[in-house]
Amino acid sequence: MITFKYLITSALPYGSNIPHLGNIIGSVLPADVYSRFLKLDGKECKYVCGTDSNGTPIEVEATKHKVEPSEWVEKKHKEIKKLFDELNLDFDVYSRTDNKNHAEKTIEIYNKLKENGYIYRKDIEILYCPKCEKSLPDRYVKGKCPKCGAEGAKGDQCDECGKLFDSPKELIDYYCSSCKSRPKKKKSEHVFFKLSELEEEIKELLERKREKWPKTTIKITENLLKEGLRDKDISRNLKWGIEIPDKPGQVFYVWIDAPIGYISFSKEIGIEEWWKDEDTKLIQFMGKDNVPFHTVYFPAILKGTREGYVEPERVKSCEFLNYGGGQFSKSNKVGVFLDDAMELYPSDYWRYALIKMYPGKRDREFTWKEFRKMINHDLNDVVGNFVHRTLTFTEKFFESKVPEPDLMERDKEILKAIDETEKKLRDTLGQKMEFNKSIDMVIDLARKTNKYITDEEPWKNKERQKEVTYTSLQVTKALSIYLEPFIPETADKIKKFLGINPEKLEQAKERLEPGHKIKGYEPLFEKIRKKEADKYEEKFKEKNNEKEVEEMKKIPFDQFKELEIKTGKIKNVEKIEKSDNLYKITIDIGKEERTAVAGLKNYYSQEELKDKEVAVVTNLEPAKIMGVKSEAMVLAAVDNEKVSLLKTDKKMKPGTPVE
RNA sequence: UGCGGGGUGGAGCAGUGGUAGCUCGUUGGGCUCAUAACCCAAAGGUCGCCAGUUCGAGUCUGGCCCCCGCUACCA
């Protein structure tokens, strides 16, 4: 019989900040539950993970805090590791991608790809910020969205209207997001990976795994393949990252090196060869946004080495857990983060609630109300109280010893339910990875037994005391085992109460011997009061607002002076074809006339605008918007619903400077 | 724009052709061993809308309306 090796990975937490609840339930927690379950079932299983320590956001975050990226990552990595420890995530290795071992592995794989002809170079045009002295990835360029006119649209996509940009240069008045100055265009030679040549192999991979991967994973991958795979730019003009050996000054794109972390971390614990062992089952956990990297890019890279790496057996992706009507956001700090969480409640509270909320099928919302309900009702009332009453019976009726029963049909039914729960667990958790359902099965066992106790009334029916106590104790023991993958601290507590130390899933079927003495007990959980939950709801709402204020950046006066603002008189207004909101406006600014493209159509009619005297920025770099060259920018007060042009309150000559 | 997911009693969800279910909440009752807990019962749904297939549809088909997500660096 083949003994499979189970290699569990979860998407690497990104080291720019502390993960939030969404990050936890998306990857590290389900992977932990799963690997704990496999280990409990006696499988050979390793869970590898680590901090993704490279890339721009970390560099940006470090700069913001005036430290070196290495220092920043060092700090965050330690914090994250400590928090994960508190959450009882049972990694076999939790490393990081900014160590030597990882860099070597990445370079080794890159060299293999190069040997096999999958690497080439090409010139591309990038944006470079002279002030920050660095090139800007799309997301770090901001500007006004040419479609909806929203300010602060990111270079890859406008958050307001969803418009996608091929290049951040499509933005009106684009600027560097960190220093607000105007980036310059620059040519740069980049390294490309011939992903297109591996398209067929990836398609074959998908076909092979069609039965095994979950539906969402398949869909996302199919979608990607439908559009056809394009070669991938794998280099970045950054300092912080793994330097490309034959391309000094450039580092690997983080998504190239990050998944390689799974391999390099495995190496650290001496199981690198699992990656080329056909008996290895690679099981990967991640949020849905990470799927392409695990079903397409990473497998393509591994295939490109021609070294027989294993394919992912299962790629479990999860939908998003949202907060306050939107997504949790690392960059905007919306929602509850792991450090907040661990300060407030015990690890098992979070583990339980998050698993229950596991967004397997659709996005879900984290609410404090629901959190409180889950803890108070499921954990406290059902599990906690069940264990407590069972142990009380044992103490009161039988001097803390397991009684010798004379089992009736009803008792046997409950005992049978213990064994059935194991089967259900294997199915819902082991096979189907339905996290929320699987923990429900376990809680149900306690629920069912609670009902049985109430029906049998052992406090009244003295002749039934033995059987009911015996049976409830067996259930309690089973719970201490079944709960372990989900809420290990609680499971351990119950084991201590009972004075046992089972380590395998099958042991749930072995009964506690009559005469066995229990060690003692205390309440397992404490309820969350309504006031408390309400307070936190308020608190984490406020947090948002603070953040917005923080984002307001001060600029030196000199920078302001660089802007040339003048009064101008609108001469002519034309609609721009195919545009929802744009006008082409001709403005008299004194010595000359300028053309401006402005998003005003939804707010002003052509007639209203004509002959208006307005404030105009006249020294912006011209930008082409919807095919029209815009050489000036009309200033206006902008709200979500209203837009009001700025104009002088006395009559001024067109072209008068504004200071 | 394209793609995906979803719309089931007050809330959160399960349910892929055969009497509409679970947890919470509400109301009433039981019990009093236990952490004001536990147990029972009731009320509450024309399963988003329309048309079709079928002996029979929440479940299949077509159209429509809403919500949400993804669209290649937020799990």
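We name chains A, B, ... by the order of the sequence lines, and we start the count at 1 in each one. This structure is a prediction, so every number in the text was calculated from the model and none was measured.
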Contact class for [X] (heavy atom, under 4.0 Å): base, sugar-phosphate, or nothing?
{"X": "A:Arg236", "value": "base"}
{"X": "A:Asp381", "value": "sugar-phosphate"}
{"X": "A:Phe525", "value": "base"}
{"X": "A:Lys527", "value": "sugar-phosphate"}
{"X": "A:Tyr253", "value": "base"}
{"X": "A:Gly22", "value": "base"}
{"X": "A:Leu524", "value": "base"}

Under the criterion ring-ring contact (aromatic ring centres under 6.0 Å, His included), I'd like the reasoning laid out for A:Phe298 against A:Trp255: C-alpha separation, chi angles, the key distance, then a yes or no. CA-CA 9 Å; A:Phe298 187 47; A:Trp255 265 114; 9.3 Å; no

Atom [atom1], compared across [N] and [M]: separation rounded to whole Å:
{"N": "B:rU8", "M": "B:rG45", "atom1": "C1'", "answer": "7 Å"}
{"N": "B:rC13", "M": "B:rG7", "atom1": "P", "answer": "9 Å"}
{"N": "B:rC24", "M": "B:rC33", "atom1": "P", "answer": "23 Å"}
{"N": "B:rA20", "M": "B:rU16", "atom1": "C1'", "answer": "15 Å"}

Picking from B:rC39, B:rG12, B:rC73, the nucleotide nearest the side-chain atoms of A:Thr454 would be B:rC39

Closest to the side chain of A:Lys451, out of B:rG12, B:rC39, B:rC73, is B:rC39

When rounded to the nearest 0.5 Å, the distance separating CG of A:Leu338 from CG of A:Asn17 is 12.0 Å

For B:rU32, take OP1 and OP2 only and decide whether either is under 4.0 Å from a side-chain N or O of A:Lys460.
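A:Lys460 to B:rU32 OP1/OP2: side-chain N or O found under 4.0 Å.
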
Rounded to the nearest Å, what distance is computed from the [atom1] atom of residue [X] to the [atom2] atom of nucleotide [N]?
{"X": "A:Phe320", "N": "B:rC70", "atom1": "CZ", "atom2": "C1'", "answer": "8 Å"}
{"X": "A:Asp233", "N": "B:rC73", "atom1": "CG", "atom2": "C1'", "answer": "13 Å"}
{"X": "A:Asn450", "N": "B:rC38", "atom1": "CG", "atom2": "P", "answer": "7 Å"}
{"X": "A:Ile494", "N": "B:rU35", "atom1": "CD1", "atom2": "P", "answer": "16 Å"}
{"X": "A:Asn322", "N": "B:rG5", "atom1": "CG", "atom2": "P", "answer": "18 Å"}
{"X": "A:Asn436", "N": "B:rA14", "atom1": "CG", "atom2": "P", "answer": "8 Å"}
{"X": "A:Lys369", "N": "B:rG12", "atom1": "NZ", "atom2": "C1'", "answer": "10 Å"}

Centres of the [X] and [Y] rings: under 6.0 Å?
{"X": "A:Tyr47", "Y": "A:Phe91", "result": "yes"}
{"X": "A:His77", "Y": "A:Phe84", "result": "no"}
{"X": "A:Phe366", "Y": "A:His20", "result": "no"}

Letter by letter from the 5' end, nucleotides 23-28 of chain B scores (B base, S sugar-phosphate only, - none; protein heavy atoms under 4.0 Å) SS----

Under the rule of Watson-Crick or G-U wobble with both distances under 3.5 Å, where | means paired to another strand and [ ] a crossing pair, RNA chain B maps to .(((((((.[[[[.)..(..]]]].(((((.......))))).....[[[[[..)....]]]]])))))).....

**Message:** I need the single residue from A:Lys462, A:Lys466, A:Lys451, A:Arg464 that forms a salt bridge (charged side-chain N to carboxylate O under 4.0 Å, His left out) with A:Glu456. Which is it?
**Reply:**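 Considering A:Lys462, A:Lys466, A:Lys451, A:Arg464, a salt bridge (charged side-chain N to carboxylate O under 4.0 Å, His left out) with A:Glu456 is found only for A:Arg464.
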
**Message:** Side chains of A:Thr490 and A:Asp348 only: does a donor on one sit below 3.5 Å from an acceptor on the other?
**Reply:**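 Present: a donor and an acceptor within the cut-off.
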
